[in-house]
Amino acid sequence: MKKIRLGVNIDHVATVRNARGETYPSPLRAALLAEKNGADSVTIHLREDRRHINELDLKKIIHKLKIPLNLEIAATKEMLKIASRSKPPFICVVPEKRKEITTEGGLNLDHNKNFLSELIRKLKKRKSRISLFIEPSLNDLEKAKKLGADCVEIHTGKLCNLINNKKDYKNEIKKIQKAVRKGGQLGLEVHAGHGLTYSSAKILSKIKGIQEFNIGHFLIGESIFEGMPVTIRKFKKILKL
Ligand code: PXP
């Protein structure tokens, strides 16, 4: 069986830096610390408005990191150009709305379909592994396969919200379970991410077939209190990595 991986998203180290327009804390330092403490990959989201990570961060991190960098991008011409130039080993295509606080849902795979498939084809040629961030929808899994993606990342935001608010999450977890199974049948690698905490990671760790978890906001928040090494270790233990 393939090893399950933990991707550490360090965007919010840059959020803290940018809140003061300062040069610290350093996202590069966070990326290297995550690597040293057992992360399997580091995720950064280069947003159109550069609200956290910027291109200089991308350059520095990709140059120094030995584990794979997972670059999250919107499906735009600008991002296609940047990703083609920097050739990160992993790419995850995400939807982006300027005014959202965070990535609110999965991609609409019917929107801009031709450009999306061109982007996937071009970036795969450059040897990047391409993942699409989607809702746990069986239709979207089939569409992702048709578009030529290598992987899908299931948006776990809704599930995490229900768990955090102590609401019934049975239906949502069933949807995710079905989506993971379908992904396996289609030969897609299935990942999960968004809003994950220790409790939601524990619940999701019981679903067999999720190959990668990408975790950021909660992990960086907990690192304020316990440090990144301890927080990563706790997540790895919960996910049984
Ligand atoms: N995966 C994807 C595709 C994302 O867009 C994000 C948020 O940027 C995450 C995982 C991490 O989400 P969080 O920061 O809520 O853990």
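Indexing begins at 1, ligand by ligand and atom by atom, following the structure's order. The figures that follow rest on heavy atoms only: side chains count, while hydrogens, waters and symmetry mates do not.
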- Message: For His194, which part has a heavy atom under 4.0 Å from ligand 1: side chain, backbone, both, or neither?
- Response: both
- Query: Backbone, side chain, both or neither: what part of His155 comes under 4.0 angstrom of ligand 1, heavy atoms only?
  - Reply: neither
- Message: Any side-chain to backbone donor/acceptor pair from Thr156 onto Leu159? Under 3.5 Å, distance only.
- Response: no
Taking 4.0 angstrom as the limit and counting only heavy atoms of [X], give me the atoms of ligand 1 inside it, by number and element.
{"X": "Gly216", "result": "13 (P), 14 (O), 16 (O)"}
{"X": "Ile215", "result": "16 (O)"}
{"X": "Asn214", "result": "10 (C), 11 (C)"}

Sub-3.5 Å N/O-N/O distance, [X] and ligand 1:
{"X": "Glu72", "result": "yes"}
{"X": "Gly195", "result": "yes"}
{"X": "His45", "result": "no"}
{"X": "Glu153", "result": "yes"}

Please determine whether the number of non-hydrogen atoms from other residues, nucleotides or ligands lying under 6.0 Å from atom [atom1] of [X] exceeds 12.
{"X": "Lys236", "atom1": "NZ", "value": "yes"}
{"X": "Leu56", "atom1": "CG", "value": "yes"}
{"X": "Lys167", "atom1": "NZ", "value": "no"}

- Message: Applying the side-chain contact (heavy atoms from CB on, under 4.5 Å) criterion to Glu72, which one of Ile91, Asn9, Leu46 satisfies it?
- Response: Asn9
- Message: If the test is side-chain contact (heavy atoms from CB on, under 4.5 Å), which one of Ile10, Ile220, Val13 qualifies with Pro25?
- Response: Val13
- Item | Pair Lys234 + Glu226, salt bridge at N-O below 4.0 Å | yes
- Item | Sub-4.0 Å heavy-atom contact, Phe133 with ligand 1 | yes
- Item | Min side-chain heavy-atom separation Asp40-Glu212 under 4.5 Å | no
- Closest approach of any protein heavy atom to atom 14 (O) of ligand 1, naming residue and atom: His217 N, 2.8 Å
